[in-house]
Structure formats: C-alpha cells, structure tokens
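Working notes, beginning with the structure itself.
If you read the sequence from its start, that first residue is 1, and numbering goes on from there.
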Amino acid sequence: MLEMIHCHWRRQEICKVRCRGVPTVDMKNLCYHLEEKSGGKVIHRVGGVVFLYRGRHYDPKTRPRYPLMLWKPATPVYPKLIKEAPDGFTKEEADEMRRKGRDLLPICKLAKNGIYITLVKDVRDAFEGSDLVKIDCEGLNPSDYKKIGAKLRDLVPCVLLSFDDEQILMHRGKEWKSRYSKPLTLIPKVPKNNLAMTSVMNSSDEVSDANTQVAIREVLRPKMFKLWKSAVDSSLALLLDDAEANNLTPDSLLTLVEEFSVTSQAVEHSFPALLVTNGDASTDSLSAEYMNDEPETSVAGNEEGQLEQSPDLRDDEHFDVDMFERLESSVPLGSLPIDSMIERLNSE
C-alpha cells in the first residue's frame with residue numbers, strides 16, 4: 001500500500017486512500033500511521049476516505065524504499081480476549097451475564113468491509129441505557145470481529161464477554177460512569193388508580209392501596225437528550241422543576257404556554273418589531289412615518305372619507321379610524337436579511 005501511495009505521488013500531489021473494514025473503527029490511529037509511514041500529511045478526511053498530501057519539497061528519487069516481502073510473516077500470539085472470569089467479576093457473574101446476553105437484541109449489524117466510524121459512539125450511547133450491549137457480526141470473518149472487539153475494549157472502554165454466534169457481547173464494567181450528570185425525570189409521580197397505567201402495573205401492585213403514589217423515572221435516550229438540551233438553550237423549549245410541575249393547574253398551564261409562545265416567537269424574529277400603543281402621539285408618529293408615499297396616503301384618505309360617510313361605523317365607539325394605517329404599514333424596505341444579500345450580490 002505504501003508503494004502504491006508513492007507511485008500516485010509521482011504524478012500528482014494528492015493521493016486519495018479509501019478505507020474499509022476493521023481499521024475504520026479508529027480513524028485517528030489510521031491517519032497517524034499513514035502520516036508516519038508514508039511521510040505525507042492528511043489534509044482532509046470524509047468518512048472512510050483520506051486525502052494524503054505528499055509535501056511541498058517531495059522528490060521521488062529520494063523517497064524511502066520499502067523491501068519487498070517475499071513471504072507472509074508469522075502471526076503473533078496475542079493474549080486471550082475472552083476470559084472465564086473477566087476483571088472485576090466472578091465466574092458465576094460472567095456466566096449469568098452471558099445467559100442474559102442470549103436474549104438481548106443487538107444495537108446494530110455490521111456489514112462486511114463496511115465503515116465503522118460511529119461504532120464507538122454508538123456503543124457508548126447504548127451503555128447509557130443498558131449495562132450489556134451486543135453487536136451482530138453475522139457474515140464477517142472471525143478474525144475481523146475479534147479485532148473489532150479488541151479495539152472496542154480499549155476505545156470505549158468495556159469488558160468483552162463472548163464472541164458466540166458471530167456476535168460481540170460486552171459489559172460496561174464496574175468502573176463505568178455516565179457522561180450525563182443527572183438523568184431527566186419525565187413523570188415525577190403517577191397515582192396508582194390511574195386508568196392509563198393499569199395495563200403497565202403488575203398483579204402484585206394491584207393488591208396494595210390505591211391511594212399510594214409510585215415514582216416513575218424515565219431516562220431519555222442520549223440523542224433525544226442532546227436535541228432536548230439544544231432546544232432549551234435556544235429558547236425553543238421550556239424546562240419546569242418538579243415543584244412547578246406538581247403545582248400546575250389547567251388554567252396556569254394555559255397561561256404559561258401562552259407566555260412562552262410569545263417569548264419564543266420574539267426570539268425567532270428576523271427584523272425588529274414595531275410597537276404601537278393606543279396613545280395619540282404614537283398614532284401621529286406612525287402616520288408621519290409613511291407620509292412620503294403619496295399613493296398610499298391618497299388611498300388611505302379615500303378610505304377614511306368613505307368611513308366618515310358610513311353611519312354604522314360612525315356610531316361604533318370601539319372603531320378606530322387609523323386602524324387601516326396600522327394594517328397597511330409593513331416592514332421598512334431594506335431591513336430584511338434577503339435585502340442585504342441582494343445588495344451584496346448586485347455589488348459583486
């Protein structure tokens with residue numbers, strides 16, 4: 001492979017290397033070894049594709065020469081990946097976890113010669129919800145999924161339990177710590193006599209008193225937690241404490257939703273809002289702002305004359321004559337973001 005890279009560098013400055021299979025589990029390590037062995041520099045990486053730059057002062061005559069391998073070297077002897085009693089567990093505990101892992105659903109299925117860039121992140125996310133994780137490796141060579149298991153053991157990190165039935169079974173270990181400081185409580189307290197929860201309750205729970213309260217904690221998935229957190233940070237969602245959620249009534253909830261809808265819309269405004277009060281000074285300033293536009297003022301004057309002739313509208317106390325001026329007033333020209341983009345494109 002190194003010889004092929006230097007053959008490409010003789011004709012062009014950049015060589016594209018397409019990576020597949022086991023090495024894509026740790027792309028950072030792969031890029032490091034490519035730079036160290038070839039002498040080039042990784043300038044761009046998209047998925048499993050790496051772009052190697054040969055360097056400004058590259059000379060094919062002085063490049064390093066690699067000896068031709070006439071035979072395959074002997075396979076080194078590695079220590080066993082699967083132990084009967086892994087670190088921190090007894091043999092009985094390991095056998096019990098392997099027994100539970102048989103009925104566990106795999107989080108993903110690895111394709112042969114695929115790109116496994118997100119595999120480490122997926123395993124870490126799965127450990128947030130379960131202490132056991134299984135990966136389906138059906139169709140892969142045994143040496144391939146054993147290498148993947150060895151990389152996951154060091155990168156996640158985790159404890160390997162078995163490779164039975166072409167599946168990798170892992171445990172997060174006793175020293176595992178969650179990446180999130182505090183899980184979310186979606187339903188703090190649910191009454192036991194709730195009809196919606198009767199199908200979930202067991203028969204043993206139905207014997208106890210109906211007035212008791214049962215605390216139910218539901219933890220969000222890591223991806224949903226990130227989306228929810230970004231929504232709260234961008235003022236698109238509202239977070240309530242447990243005390244506020246317990247004291248909510250239908251009327252207070254409706255008031256809270258209306259107030260939050262106004263604030264969330266104000267955050268997403270693309271131009272400054274125009275505030276108009278019922279005072280006379282504000283109406284005069286509003287009408288004086290658009291006095292320069294003659295056609296609009298003439299139309300407004302005709303409509304105002306027609307309204308003065310109408311007896312039904314004249315008798316209405318709540319009817320405001322300058323209402324049409326407020327409705328016809330729009331955003332000033334040149335204040336929208338699209339206007340600045342058009343001006344920049346015209347100047348270019």
Return yes if some donor-acceptor pair links the side-chain N/O of Ser347 with the main-chain N/O of Glu343 below 3.5 Å, else return no.
yes
Tell me the closest heavy-atom pair linking Arg179 and Glu128, and the distance in Å.
N-OE2, 3.2 Å
Looking only at heavy atoms, the pair that brings Tyr116 and Val22 closest together is CE1-N, 4.1 Å
Expected output: side-chain Asp144 to main-chain Leu140 donor-acceptor under 3.5 Å:
no
The salt bridge (Lys or Arg N to Asp or Glu O under 4.0 Å) partner of Glu3 among Lys37, Arg63, Arg10, Arg65 is Arg63
Could you please spell out the steps behind the salt bridge (charged side-chain N to carboxylate O under 4.0 Å, His left out) verdict for Lys83 and Asp87?
CA-CA 9 Å; Lys83 301 178 181 178; Asp87 299 337; 3.8 Å; yes
For the pair Val50 and Cys19, evaluate side-chain contact (heavy atoms from CB on, under 4.5 Å) and give the outcome as yes or no after the intermediate values.
CA-CA 8 Å; Val50 178; Cys19 307; 4.2 Å; yes
So, the side chain of Asp165 versus the backbone of Gln167: is there a donor-acceptor pair under 3.5 Å, distance only?
no
His44 and Val46 have their tightest heavy-atom pair at NE2-CG2, 2.9 Å
Distance-minimising heavy-atom pair for Leu155 and Arg124
O-NH2, 2.6 Å
Measuring centre to centre across the rings, with the benzene-like ring taken for any Trp, is Phe127 within less than 6.0 Å of His171?
no
Could you tell me whether a side-chain N or O of Arg54 sits under 3.5 Å from a main-chain N or O of Gly40, the two making a donor and an acceptor?
no
Decide yes or no for Asn29 and Pro23: does some side-chain heavy atom of the first lie under 4.5 Å from some side-chain heavy atom of the second?
no
Can you check side-chain contact (heavy atoms from CB on, under 4.5 Å) on Cys137 and Ile135, steps first, answer last?
CA-CA 6 Å; Cys137 304; Ile135 300 175; 4.1 Å; yes
Between Ile168 and Gly149, which heavy-atom pair has the shortest distance, and what is it?
CD1-N, 4.1 Å
Can you confirm whether Gln12 is buried at CD, in the sense that more than 12 heavy atoms of other residues, nucleotides or ligands lie under 6.0 Å from that atom?
yes
Does CD in Glu36 sit with more than 12 non-hydrogen atoms of other residues, nucleotides or ligands closer than 6.0 Å?
yes
Do side-chain atoms of Lys174 reach the backbone of Gly88 as a donor and acceptor pair under 3.5 angstrom?
yes
Report yes if the side chains of Asn141 and Lys112 come closer than 4.5 Å at any heavy-atom pair, otherwise no.
yes
Kindly say whether Leu2 contributes a backbone atom to a donor-acceptor pair with the side chain of Ser38 at under 3.5 angstrom?
no
Glu138 and Lys109 ion-paired at < 4.0 Å:
no
Min side-chain heavy-atom separation Cys31-Val42 under 4.5 Å
yes
Do Val123 and Met170 have side chains that get closer than 4.5 Å, going by heavy atoms?
yes
Within 6.0 angstrom of Lys151 NZ, more than 12 heavy atoms from elsewhere
yes
With the side chain counted from C-beta on, respond yes when Asp131 and Lys100 share a heavy-atom pair under 4.5 Å apart, and no when they do not.
no
Non-hydrogen side-chain atoms of Leu132 and Leu161 separated by less than 4.5 Å:
yes
Side chains of Thr255 and Ser252, donor plus acceptor under 3.5 Å:
no
Would you indicate whether the side-chain heavy atoms of Leu110 and Tyr145 approach each other to under 4.5 Å?
no
Would a line drawn from the ring center of His6 to the ring center of Tyr66 be shorter than 6.0 Å?
yes
Any sub-3.5 Å donor-acceptor pair from Lys134's side-chain atoms to Gly101's backbone N or O?
yes
Hey, are the side chains of Leu152 and Leu160 touching, using non-hydrogen atoms and a 4.5 Å cut-off?
no
Looking at Lys121, is its backbone amide N or carbonyl O close enough to the side chain of Thr118 to form a donor-acceptor pair, meaning the two atoms are under 3.5 Å apart?
no
Within the side chain of Lys41, is there an N or O that forms a donor-acceptor pair under 3.5 Å with the backbone of Tyr53?
no
Between Ile107 and Ile148, is there a shared hydrophobic cluster once you connect ILVMFWY residues whose side-chain heavy atoms come closer than 4.5 Å?
yes
CD1 of Ile14 to CH2 of Trp9, rounded to nearest 0.5 Å, is 10.5 Å
When every non-hydrogen atom of Glu166 is compared with those of Asp136, the smallest separation belongs to O-OD1, 3.9 Å
